[in-house]
Novice: 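I'd like to ask some things about the structure below.
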Amino acid sequence: MTVTIHQILNELNESNSTNHKIAVLKKYQDDKFLQRVLKMTYDQVAFTYGMSIEQIDKFPGNKSGSSNLAYALDKVQEKICTREITGHAGLQYVADLLADLSDDDYTVLKKIINRDLRINAGKTLINKVFPGLITKPVYMRCDVYSSKTAKNIAFPAIVQLKADGTYREITVDSGKVSARSRSGEDYEYPVLFEAFKDYTDGVYVGELTVRGVADRAKGNGMINSDEPPHDDIIIQLWDYITLEEYTKAGLKDKKNQCHTKYTKRWNTLGVILNDNSNENIELIPAIYVNTLKEALEATSTWMNQGYEGAILKDLNAVFKDGTSKQQLKLKLKIDAEVRITGFTEGTKGTKREGKIGAIEFANDEGTIKGRTSGFSDDLLDYFTANKESLLRKIMTVQFNDLTKAEGNDYYALSHPRYIEIRNDKDETDTLEKVFKLREMAMELGE
């Protein structure tokens, strides 16, 4: 008897052990349809849908006959991923596909569109069993500042404001404009696209903010809503990479690496923006510095103005996929990206009775666990009403230190405070990275 995708997912969930999940995936290693389901769920570079389950659920599906998951995926790939059908028509189309499926296939297709099969297995684990199945988008990360990593910066250098927005890459290719998040999801910004269509071909890297909205979480929520305020969405840019070098970075060929230094990329970006002035496109605030002390002073000034921190960059750095040791994050507070794993019920007899009391979280390694509370009444109501859709989402928490109780095999975050839901991220921070962030904060606080 043929094993269905729904049955395989149930088998994967019989244990949260990583070894168990790897064993199950290896058991079905030759199942091409399973590979397709995994790829259409987690490969946000190869497959984009431009819709959410919440949006689809607003459209009543019209049943036209029996169908199956394979047919539905064919149609999603043919009509939705190619953007042949978009907007309300696209939402209705997928709702109709769902209406024709069995209960099990209906559940699986919803999980695929929602980018989470609920198997507690990320891209890295899947690629261990199916090498290269899930494409990871090109993304150059910052290293974390410490006395050791500071030695990788040659002075004079440049220090830039750490943008308090949502990361986006804007690609211009022969007048065609597209936007992508760090996880590879495509987005459309008609006002920005109209401005960028006359820009020089290349990849423009920056973050989106909303004009007049200082609160990062609020602004990001507006940007990621069903009705973004397009006229007031601003992108602050800090890098420009030619299409050729961006492609090179993705190939990770040590013999054919990028060679353009950051000073040239930054100056080129400045010229392009100067020649194409637009109120929705800005250069990130930046200062040239001759010493580390000057960089830290600039960071302190920005943080005193309410910003998150700064990025210190070596002017000789080239673009690469992965963590660059020549651009360092400077900040005084410790933030970590964790995954929502559950909710604690509110205490009976208090105003939280019938609502959530706290959000439980962990990193994907299982080396950090904890829970956070202390929400505003509005947030409390929001979390209570949206528990199902928020489960497994990435969340930013801010904390003061890490502790490990006797007998525990994991670390806890001291006084964790909820910051925001990160729809632009799909991976949690490792324990190693969080310890680096802790070291940086302590050194900067001296």
Novice: Taking the side chain from Asp105 and the backbone from Leu69, do they hold a donor-acceptor pair closer than 3.5 Å?
Specialist: yes

Novice: Side chain to side chain donor-acceptor pair (under 3.5 Å) between Asn220 and Thr166: does it pass, once the steps are laid out?
Specialist: CA-CA 6 Å; Asn220 288 350; Thr166 297; 2.8 Å; yes

Novice: Would Ser64 and Asp96 satisfy side chain to side chain donor-acceptor pair (under 3.5 Å), going step by step from the backbone distance to the final call?
Specialist: CA-CA 8 Å; Ser64 59; Asp96 292 344; over 6 Å; no

Novice: Please report the closest heavy-atom contact between Glu427 and Glu337, naming both atoms and the distance.
Specialist: O-CB, 4.2 Å

Novice: What heavy-atom pair brings Pro285 and Gln236 nearest, and what distance separates the two atoms?
Specialist: CD-NE2, 4.0 Å

Novice: I'd like to check the ring pair (Phe, Tyr, Trp, His ring centres under 6.0 Å) partners of Phe59; sequence neighbours left out, ordered by chain and number.
Specialist: His88

Novice: So which heavy atom on Arg168 is nearest to which on Ser181, and how close?
Specialist: NH1-CB, 3.5 Å

Novice: Could you tell me whether the side chain of Gln77 reaches within less than 4.5 Å of the side chain of Arg36, counting heavy atoms only?
Specialist: yes

Novice: Please confirm whether the backbone N or O of Ser52 pairs with a side-chain atom of Gln55, one donor and one acceptor, at under 3.5 Å?
Specialist: yes

Novice: Inspect the contact between Asp321 and Lys136 and indicate whether a charged nitrogen and a carboxylate oxygen are less than 4.0 angstrom apart.
Specialist: no

Novice: Given 3.5 Å as the limit, does a donor-acceptor pair link the side chain of Lys21 with the main chain of Ile119, or not?
Specialist: yes

Novice: Are there over 12 heavy-atom neighbours, none belonging to Lys425, within less than 6.0 Å of that residue's NZ?
Specialist: yes

Novice: I need the minimum non-hydrogen distance between Phe155 and Leu292, along with the two atoms involved.
Specialist: CZ-N, 3.4 Å

Novice: Is it the case that over 12 heavy atoms from other parts of the model lie below 6.0 angstrom from the OH atom of Tyr71?
Specialist: no

Novice: Between Lys355 and Asp381, is there a side-chain N and carboxylate O pair less than 4.0 Å apart?
Specialist: yes

Novice: Could you check whether atom NZ of Lys436 has more than 12 heavy atoms from other residues, nucleotides or ligands sitting under 6.0 Å from it?
Specialist: no

Novice: If you apply the rule ring-ring contact (aromatic ring centres under 6.0 Å, His included), what do you find for Phe196 with Phe193, and how did you get there?
Specialist: CA-CA 5 Å; Phe196 271 104; Phe193 283 12; 8.0 Å; no

Novice: Are Lys79 and Asp74 ion-paired here, with the side-chain N under 4.0 Å from a carboxylate O?
Specialist: no

Novice: My understanding is that only one of Thr171, Thr242, Val172 makes a side-chain contact (heavy atoms from CB on, under 4.5 Å) with Asp201; could you say which?
Specialist: Val172

Novice: Could you walk me through whether Asp335 and Gln398 satisfy the side chain to side chain donor-acceptor pair (under 3.5 Å) test, starting with their C-alpha distance in whole Å, then the side-chain angles of each, then the deciding distance to 0.1 Å, before giving a yes or no?
Specialist: CA-CA 4 Å; Asp335 286 357; Gln398 192 171 90; 3.0 Å; yes

Novice: Main chain of Gly50, side chain of Arg83: is a donor-acceptor contact present, judged purely on distance under 3.5 Å?
Specialist: no

Novice: With a 4.5 Å heavy-atom cut-off, do Ile56 and Gln92 have their side chains touching?
Specialist: no

Novice: Got a salt bridge between Glu360 and Arg392, using NZ or NE/NH1/NH2 to carboxylate O under 4.0 Å?
Specialist: no

Novice: Checking Asp239 against Arg265 for the salt bridge (Lys or Arg N to Asp or Glu O under 4.0 Å) test, could you report, in this order, the C-alpha distance in whole Å, the side-chain angles of both residues, the deciding distance, and whether it holds?
Specialist: CA-CA 6 Å; Asp239 210 344; Arg265 304 201 311 273; 2.8 Å; yes

Novice: Which atom names give the shortest non-hydrogen contact between Thr41 and Asp116, and what distance separates them?
Specialist: CG2-N, 3.5 Å

Novice: Please work out which of the three classes, parallel, tilted or perpendicular, describes the rings of Tyr189 and Tyr187, given edges at 30° and 60°.
Specialist: parallel

Novice: Can you list the residues that meet the side-chain contact (heavy atoms from CB on, under 4.5 Å) rule with Val338, with sequence neighbours excluded?
Specialist: Phe361, Met395, Val397

Novice: A side-chain contact here means heavy atoms from C-beta on lying under 4.5 Å apart; do Lys329 and Arg141 qualify?
Specialist: no

Novice: Determine, stepwise, if the pair Asn316 / Gln326 fulfils side chain to side chain donor-acceptor pair (under 3.5 Å).
Specialist: CA-CA 8 Å; Asn316 295 311; Gln326 292 176 288; over 6 Å; no

Novice: Is Arg371 salt-bridged to Glu345, going by a charged N under 4.0 Å from an acidic O?
Specialist: no

Novice: Hey, does Ile311 have a side-chain heavy atom less than 4.5 Å from the side chain of Val159?
Specialist: no

Novice: With distance as the sole test, does Thr301 use its side chain to make a donor-acceptor pair with the main-chain N or O of Glu297 at under 3.5 Å?
Specialist: yes

Novice: Say whether, by atom type as modelled, one donor and one acceptor occur between the side chain of Glu207 and the main chain of Gly165 under 3.5 angstrom.
Specialist: yes

Novice: Decide if atom NZ of Lys39 counts as having more than 12 heavy atoms of other residues, nucleotides or ligands within a radius under 6.0 Å.
Specialist: yes

Novice: Using modelled atom types and a 3.5 Å cut-off, is there a donor and acceptor pairing between side-chain atoms of Tyr418 and backbone atoms of Thr372?
Specialist: no

Novice: Step through the shown structure and confirm whether more than 12 heavy atoms of other residues, nucleotides or ligands are within 6.0 Å of CD on Glu244.
Specialist: no

Novice: If you take all heavy atoms of Arg118 and Glu388, which pair is closest and at what distance?
Specialist: NH2-O, 3.0 Å

Novice: Please check this pair: side chain of Asn386 against backbone of Ser389, looking for a donor-acceptor N/O pair closer than 3.5 Å.
Specialist: no

Novice: For ring-ring contact (aromatic ring centres under 6.0 Å, His included), just list the numbers for Phe319 and Tyr262, CA-CA rounded to whole Å, side-chain angles, deciding distance to a tenth of an Å, and then say yes or no.
Specialist: CA-CA 8 Å; Phe319 184 74; Tyr262 184 65; over 10 Å; no

Novice: Above 12 or not: heavy atoms from other molecules or residues under 6.0 Å from CZ of Phe343?
Specialist: yes

Novice: Is there a side-chain contact between Trp266 and Leu283 in this structure, where contact means two heavy atoms from C-beta onward sitting under 4.5 Å apart?
Specialist: yes

Novice: Kindly compute the distance separating OH (Tyr199) from CG (Leu269), expressed to the nearest 0.5 Å.
Specialist: 9.0 Å

Novice: Do the non-hydrogen side-chain atoms of Leu12 and Leu9 ever get within less than 4.5 Å of each other?
Specialist: yes

Novice: Is it true that a side-chain atom of Lys75 and a backbone atom of Glu78 form a donor plus acceptor pair closer than 3.5 Å?
Specialist: no

Novice: Who pairs with Tyr167 by ring pair (Phe, Tyr, Trp, His ring centres under 6.0 Å), at least two apart in sequence or on another chain?
Specialist: Tyr139

Novice: Side-chain contact, heavy-atom cut-off 4.5 Å: Pro228 with Ile233?
Specialist: yes

Novice: Verify, without hydrogens or angle tests, whether Asp143 (side chain) and Thr149 (backbone) share a donor-acceptor contact under 3.5 angstrom.
Specialist: no

Novice: Find out whether Asp426 and Tyr42 are in side-chain contact, i.e. whether some heavy atom of one side chain is under 4.5 Å from a heavy atom of the other.
Specialist: no

Novice: So for atom NZ, which belongs to Lys63, do other residues, nucleotides or ligands contribute more than 12 heavy atoms lying within a distance under 6.0 Å?
Specialist: yes

